[in-house]
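Heads up, the thing below is written out as structure tokens.
Computed over heavy atoms, backbone and side chain alike; hydrogens, waters and symmetry mates excluded.
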Amino acid sequence: MDDLKLALILNAVSPRVGGVLVRGEKGTAKSTIVRALAELLPSVEVVPGCRFACDPVAPYKECPDGPHDGGSETRRARLVELPVGASEDRLAGSLDLEKALAHGVAAFEPGLLAAAHRGVLYVDEVNLLHDHLVDLLLDAAALGTCYVEREGVSVRHAARFLLAGTMNPEEGELRPQLLDRFGLTVEVRASRDPGERAEVIRRRMAYERDPDAFAADWDSRESDLATRIAEARKRVESVRLPDAALKQIATVCAGFEVDGMRADLVTAHAAVAHAAWAGRDKVTTRDVREAARLALPHRRRRDPFDAPGLDENKLDELLNQLPDDPEDPDDTNPPDDDPSGGDELNQDGLENPDGPENPDGPGHQDGLGNQDQLPQNKSAQGQADQRPSGQNQPDLGPDSNDAEPNSSQTGEGQAAESFQVPGAPYKARLFSVPGVGGGAPGRRSRGRSARGRTVGSRTPKAKVTQVHLMATLRAAALRGWRQGAVVRTDLREAIREGREGNLVLFVVDASGSMGARKRMGEVKAAVLSLLLDAYQRRDKIGMITFRGTSAELILPPTSSVEAGAARMRLLKTGGRTPIAAGLIKAAEVLRIERLRDPARRPLVVVVTDGRATSGDADRATTLLKDTACVVVDCESGPVRLGLAAKLAFRLDAPVVGLSDVAHVMKAA
């Protein structure tokens, strides 16, 4: 956890760093360590009665509670948690529409961004947060101001906070442009050292027996650490960034070919914060290295199938291209096996090899870990249409070209064999579910949402968040209003139509008849392209394969296209073609998913040549009669049987050739 602790502390020292994104497997105490940071932050002076925690020394000029008459009070910095299911009004604040319309009073109710001002805003499972909420909070974090626009009324207030988000990559990735907005990122994995794991259990059990005594054991060390953070925060404004260090930052960011200039700025702020934390008055090569290790890994991704990572050997090579500041003869690079800067953190008080007296026997160490024993967490470097009519047909948009496949070869009836992925994914054509849904926001099918064009109005069932002004006035006029007053029963909310995300369930034929060298290469390229398209359109995905005598759910419905790509790369072929088993499995998966997420509409993509050799495929297709499907015909060769087209007819679905999956640009 050394990298995570350092990243959080650098943000506590300088909020300009831009927050921390913590990526890691489940059960690694990501949430615990973020919540613990709030106890270490310095107390803040606030204007009494101000709902926006204005600083008495420099209150926000446009504060809705202003102007302030003076006075101050001290309170702890707040830790505000943003639930995944929060609304935009809950995050940014909302207006009391009844008062606004009936009395002409712009009564503003602050949201979570106001509560987090000068504290910590923590988002657990940030990758599951709706995109428009992520956009909103990242804009506020970058600007330090929250803007609320509601029906012609404009409110703004200060919103400067330490943004911390945690996520499990297995549940889906953040979009690259959102990922880039987090200042630092850290990969967290559980220790594989039995001794360290035993110590975790020992401390946890000691806490459960007597939480107060456990906290008292660590109170002095925690107080020392909080004091040091406060001192570093005061020192950070006086830290100098020499021209030599600035050139190192620019060289490193250019060398890793990161997009834009945000990486340079974040690395510079993080290096300054690291120097202040270490007690130095100017930035050195060591500070630049530590900042780059945390600021660049997630900015090197070129597509969603790339894992974040940073080649630390290349980092050292780039830093060594420029000489150190001649005024800093002691400024040397730390050894490669010590990315935290040698024993500096021990010397400066982050670590405590002795710790308080252990209530449970030997091995009790400092609550922030012991760097001499904890392994470093280094990131690895990332690596003819036949369209039967029917209401459940997907819409086939008019939606470069696929790469030449390069795969291994197998034949009908051969043992299962793996294939390498042929080339890069290409832009896929749009397949969408007909009708209008009301599921999760996305970019595939038509759906009701809070964002989009207004298509009508309705009587609200709960608190109105998006008023339809003309419909409200019309209802008041029909009621026969008096003195121009609008009452709650007159309120009408807007119905908006945008795009929704769907559950795209791939049912892939992995039988021996699909194992020809060129065909399987094209199948993998097509499915990977459709996976990339699902990622860009904010869909959930699932994957079923069928071969031999059965079908297997190799990827339960998830938002992680990385997981789907990994399963596709390891796909094996061989054996018979039990299409019926694949369709039955698909119906079973959809039945369970409807219970979990009833609002998300499914789209089943069947990838096959249609050569069923076992099971009753005709009967199995009836299980999907109410589900939108599309059949990708993988049959090739001069003589074609058209079996996939017959399957599509029974599914009441369109059929597209494997080569037609690619999006084709229209001629001007």
Side-chain angles (χ1 to χ4, degrees), residues 384-390 392-394 396 402 404-405 407-417 419 422 428-429 431 505-527 529-530 543-551 571-587 603-625 627-662:
D385 275 0
Q386 179 176 337
R387 304 182 184 181
S389 62
N392 293 315
Q393 279 191 39
L396 301 184
D402 47 305
E404 179 67 21
S407 63
S408 301
Q409 183 175 354
T410 189
E412 179 79 16
Q414 283 186 324
E417 185 175 351
F419 294 87
R429 66 189 300 177
F431 301 109
L505 182 61
F506 294 91
V507 183
V508 182
D509 186 346
S511 64
S513 63
M514 296 283 290
R517 175 185 178 91
K518 181 176 178 62
R519 184 186 304 176
M520 200 59 210
E522 291 177 343
V523 167
K524 285 196 169 185
V527 175
S529 301
L530 291 170
M543 190 176 297
I544 295 171
T545 61
F546 57 91
R547 66 185 182 92
T549 60
S550 62
L571 180 65
K572 297 181 179 181
T573 64
R576 299 169 66 83
T577 312
I579 290 180
L583 299 179
I584 292 171
K585 190 70 173 180
L603 172 64
V604 177
V605 180
V606 184
V607 184
T608 182
D609 58 7
R611 298 185 182 184
T613 56
S614 64
D616 187 351
D618 287 341
R619 183 178 179 182
T621 56
T622 61
L623 299 175
L624 298 174
K625 63 180 180 179
T627 303
C629 301
V630 60
V631 176
V632 178
D633 185 0
C634 301
E635 191 174 28
S636 60
V639 179
R640 305 194 181 191
L641 303 178
L643 298 177
K646 294 179 181 179
L647 175 65
F649 181 81
R650 293 194 295 269
L651 288 171
D652 197 14
V655 58
V656 296
L658 191 59
S659 60
D660 296 327
V661 172

Between [X] and [Y], what is the shortest heavy-atom contact and its length?
| X | Y | answer |
| --- | --- | --- |
| F546 | G582 | CD2-CA, 4.0 Å |
| A648 | P654 | CB-O, 4.1 Å |
| C629 | A653 | O-CB, 3.2 Å |
| L505 | M543 | CD1-N, 4.0 Å |
| A428 | L530 | CB-CD2, 3.8 Å |
| A551 | A581 | CB-O, 3.5 Å |

Partner of V605 by side chain to side chain contact (heavy atoms under 4.5 Å, CB included), out of V630, V508, V661: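 Exactly one pass, corresponding to V630.
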Side-chain donor or acceptor of T577 paired with backbone N/O of R611 under 3.5 Å: yes
Side-chain donor or acceptor of E635 paired with backbone N/O of G642 under 3.5 Å: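 Between the backbone of G642 and the side chain of E635 there is a qualifying donor-acceptor contact (under 3.5 Å).
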Residues which pass side-chain hydrogen bond (donor to acceptor under 3.5 Å, both in side chains) with T545, listed by chain and number, not counting sequence neighbours: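 Scan of T545 (side-chain hydrogen bond (donor to acceptor under 3.5 Å, both in side chains), adjacent residues dropped) gives none.
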Contacts of type side-chain hydrogen bond (donor to acceptor under 3.5 Å, both in side chains), residue D609, not counting sequence neighbours: S513, R519
Contacts of L623 that satisfy side chain to side chain contact (heavy atoms under 4.5 Å, CB included) - sequence neighbours left out: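 So L623 forms a side chain to side chain contact (heavy atoms under 4.5 Å, CB included) with I584, A587.
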Can you confirm whether [X] sits close enough to [Y] that some side-chain heavy atom of one is under 4.5 Å from a side-chain heavy atom of the other?
| X | Y | answer |
| --- | --- | --- |
| F506 | I544 | no |
| V632 | L658 | yes |
| L643 | T608 | no |
| V604 | L651 | no |

D618 side, atom CG; I579 side, atom CD1 - distance, nearest 0.5 Å: 10.5 Å
Ion pair D660/R429, N-O distance below 4.0 Å: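 Judged by the 4.0 Å cut-off on N to carboxylate O distance, D660 and R429 do not form a salt bridge.
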